[in-house]
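In what follows, a structure is listed as structure tokens, so that the remarks can point back to it.
Just follow the structure's listing: the first ligand is 1, and inside any ligand the first atom is 1.
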Amino acid sequence: MAKQNFPMDCSFVCITLIQFIASMSFSKSQSLINETNTSTTTTTTKAFFILGDSTVDSGNNNYINTIPENKADYKPYGQNGFFQEPTGRFSDGRVIVDFIAEYANLPLIPPFLQPNADYSNGANFASGGAGVLVETNQGLVIDLQTQLSHFEEVRILLSEKLGEKKAKELISEAIYFFSIGSNDYMGGYLGNPKMQESYNPEQYIRMVIGNLTQAIQTLYEKGARKFGFLSLSPLGCLPALRALNPEANKDGCFEAASALALAHNNALSNVLTSLEHVLEGFMYSNSNFYDWLRERIDDPPNYGFNDGVNACCGSGPYGGVFTCGGTKKIKEFSLCDNVGDFVWWDSFHPTEKIHEQFAKALWNGPASSVGPYNLENFFNKEIKLTIADVVDAPEIHHGEFHY
Ligand SMILES: *[C@@H]1O[C@H](CO)[C@@H](O)[C@H](O)[C@H]1NC(C)=O
Ligand SMILES: *[C@@H]1O[C@H](CO)[C@@H](O)[C@H](O)[C@H]1NC(C)=O
Ligand SMILES: *[C@@H]1O[C@H](CO)[C@@H](O)[C@H](O)[C@H]1NC(C)=O
């Protein structure tokens, strides 16, 4: 477990957050929802919506103007042949949400920007390089706010296609899966001296978590109830950050980066626990990618890998110079022979094998990796909808229900 470089417990960040959440007082007008008049949906989840960054982008960045670092639509991305050609996934093949969709008996969830995409089973809004904060890689990514407005577009399209009632059922039964935050701490903070002058780590984390909480809130107001989270990994052990490590620590990881990730994860866990009490019907499945991945980095043979340190594709120390594909400034890069040996595919992203193993852990793994719901239970969980939720869902303004 990484040693934290600064204090980050509930006394600091989460008290403020709990106050912030509590200030969004949610009071349901008693008379309008008759608790005895509830209908329980008998079907399981049919839709899967994904928000986030390159860990889960399935090709949205193919359709935006950005730098080659934020794209993965060229070889050797996708080299394992599961897809006919590179798709924009930052992996040698599939990413975690592809496996989750498969386990849930859903088709592959299309990128929102893919022309003529069918959103009947959800949509993927994620964008490589995106952060929670609008400032993170601004202008080069689809930021979280824009991802939410894309969700709103899909919601309207579904209402037109399925009718208001069916669309509302689909929206409230769906799973909303977030994988975002790494870029806020890497490029957005550690790589941005101005941000570090303006905010200390606690303030910055509070801002990231505050905005993430608002995003959850926005979806909840639109009817979302089931939220899944891929927690942040030990960021300092990414080959790119290992290569940048200013202190030659014993284990070589850039501990300040990992400490930010760990503090973010702790703050998010606390917020999720609070939201469960504040937002009626809010349910979540959180994960512990931090410890899970650290175990594979530290002891690869125990999990079927030979190398937990170096990138399969890249150059320089640990393959940490982000050159995979030769589309960036430096054209030369090396590619390993047996990707199955590696935890890391490129300087920032894990291999498909890691994505698959973690998808399995989230699906039905132990409580040390996923909870309070695992995804299998979560996808199959029936949710109780009041007639009012389905027929006449309340609009929320300024933290209150208005009918
Ligand atoms: C709820 O509705 C039932 C009949 O549908 C009625 O008997 C009951 O009194 C109502 N309860 C409240 C709290 O309005
Ligand atoms: C309960 O729901 C049914 C079906 O929508 C409706 O016909 C009935 O009027 C509702 N009862 C109350 C008390 O709201
Ligand atoms: C959200 O982030 C912005 C910076 O992008 C910040 O000014 C604002 O205070 C944050 N909101 C919350 C609720 O933390």
Counting each atom of ligand 3 from 1 as listed, which ones have a heavy atom of [X] under 4.0 Å away?
X	result
Q214	13 (C)
E135	4 (C), 5 (O)
L133	2 (O)

What do the steps show when you test Y77 against D346 for side-chain hydrogen bond (donor to acceptor under 3.5 Å, both in side chains), and what is the final call?
-> CA-CA 9 Å; Y77 288 92; D346 71 14; 2.5 Å; yes

In terms of SG positions, are C312 and C336 separated by less than 2.5 Å?
-> yes

Find out whether the Lys NZ or Arg CZ of R294 is both under 6.0 angstrom from the six-membered ring centre of W292 and within 45° of the ring's axis.
-> no

Pi-cation contact, F151 with K222 (under 6.0 Å, within 45°) = no

Minimum non-hydrogen distance to atom 11 (N) of ligand 3, winning option of T213, D143, N211, L212 | N211

Look at atom 7 (O) of ligand 3 and find which of Q138, M207, Q217 reaches it with the closest heavy atom.
-> M207

May I ask you to test the R225-Y176 pair for a side-chain heavy-atom distance under 4.5 Å?
-> no

